[in-house]
Amino acid sequence: MKRAVLIALLLFVPVVAGCAQSSSEPEAPAAATASDTAPATPFPWPTFDEAVAAAGQSGKPILIDVYAPWCGWCRKMQAEVYGDEALQAYLMEHFEYGRLNIDDKETRHQFKDYDVTSQELGFGLGAEGTPTSVFLDANADYITRLPGYADLETFSRVLRYIGTEAYQDQTFEEYLQASAGASK
């Protein structure tokens, strides 16, 4: 029940935009330029498999960045959100993280007794477009996902909600209200 409420509430988090699955190049967001042909990587992104294996050792939750190489909003999120040093520090301390290219039909993963491609896995984790941030617990069980681009402030709040395990005891709305009250 709490996960259903969590999913419903996270779907109402302000999301600016995302890229639909398409074989043609979408319009890049205003912040991206034509020279941005590959996603920026402000820090090395482990693979999906590496993130899951590391979480098994560390006990940390997992953040999977589901992206597509052609996605302008993915590049914008890499530059403006994942490029923030404070966010990187929090992510490295509280999460294992990895990337999954939803266009990759070749790379195979052994996940939860399934043999799937990156594309199949991305869709299986609920990504309907890019970017999509998928959150899993340390056992690689699904927590929730955040579809589309989220600005730094919004994404930081979601990261802290998951990273502090507040999602286990309260809704995202309750967490935001408690956080606002604590900062006064």
With distance as the sole test, does E120 use its side chain to make a donor-acceptor pair with the main-chain N or O of T117 at under 3.5 Å? yes
Smallest heavy-atom separation, M77 atom then P131 atom, equals SD-CG, 4.0 Å
- Is a donor on one side and an acceptor on the other found under 3.5 Å between the side chain of N101 and the backbone of D103? yes
Can you find a pair of side-chain heavy atoms, one from L159 and one from F95, that are under 4.5 Å apart?
yes
OG (S179) and CD (E174) are apart, to the nearest 0.5 Å, by 11.5 Å
Could you tell me whether a side-chain N or O of Q57 sits under 3.5 Å from a main-chain N or O of A54, the two making a donor and an acceptor?
no
Between H109 and the options D115, L100, D104, the side-chain contact (heavy atoms from CB on, under 4.5 Å) test singles out L100
_Centroid-centroid under 6.0 Å between F111 and F48 rings_ = yes
Between the NZ atom in K76 and the SG atom in C71, the distance rounded to the nearest 0.5 Å is 11.5 Å
ask   = Would you say Y175 and R160 make side-chain contact, with heavy atoms under 4.5 Å?
value = yes
Rounded to the nearest 0.5 angstrom, the CG-NZ distance for N139 and K112 is 6.5 Å
- prompt: Any side-chain heavy-atom pair from L152 and L87 closer than 4.5 angstrom?
  reply: yes
*asked:* Between D141 and L136, is there a side-chain heavy-atom distance shorter than 4.5 Å?
replied: no
CD1 of I102 to CD of E128, rounded to nearest 0.5 Å, is 9.5 Å
Output for pair (E165 CD, H94 NE2), nearest 0.5 Å, gives 11.0 Å
For E85, the salt bridge (charged side-chain N to carboxylate O under 4.0 Å, His left out) test, sequence neighbours excluded, returns none
From the list F172, Y90, F135, ring pair (Phe, Tyr, Trp, His ring centres under 6.0 Å) with Y161 holds only for F172
**Asked** Can you tell if the side chain of T132 reaches within under 4.5 Å of the side chain of L146, non-hydrogen atoms only?
**Response** no
Are Y82 and F155 close enough that some pair of their side-chain heavy atoms sits under 4.5 Å apart?
yes
- Message: Show, in sequence, the C-alpha distance, side-chain angles and deciding distance for Y97 and M92, and conclude whether the side chain to side chain contact (heavy atoms under 4.5 Å, CB included) test is met.
- Response: CA-CA 8 Å; Y97 50 90; M92 289 178 196; 3.5 Å; yes
Looking only at heavy atoms, the pair that brings I62 and V52 closest together is CD1-CA, 3.9 Å
For A51 and G98, the nearest pair of non-hydrogen atoms, with its separation, is CB-N, 3.8 Å
Can you check whether S133 reaches L63 side chain to side chain, under 4.5 Å on heavy atoms?
yes
Output for pair (T144 OG1, I162 CD1), nearest 0.5 Å, gives 6.5 Å
Check whether the side chains of W45 and Q78 place a donor and an acceptor atom closer than 3.5 Å, and report yes or no.
yes
For A178 and Q170 the tightest heavy-atom approach is CB-OE1, 4.2 Å
Applied to residues 55-74, the salt bridge (charged side-chain N to carboxylate O under 4.0 Å, His left out) test, sequence neighbours excluded, yields D65-R99
Is there a side-chain contact between W73 and T130 in this structure, where contact means two heavy atoms from C-beta onward sitting under 4.5 Å apart? no
- prompt: Any chance the side chains of E96 and S58 put a donor and an acceptor closer than 3.5 Å?
  reply: yes
Note to self: What verdict does the side chain to side chain contact (heavy atoms under 4.5 Å, CB included) test give for F123 and Q119, after you've listed the backbone C-alpha separation in whole Å, the side-chain angles of each residue and the deciding distance to 0.1 Å?
What the structure shows: CA-CA 6 Å; F123 289 134; Q119 184 176 68; 3.4 Å; yes
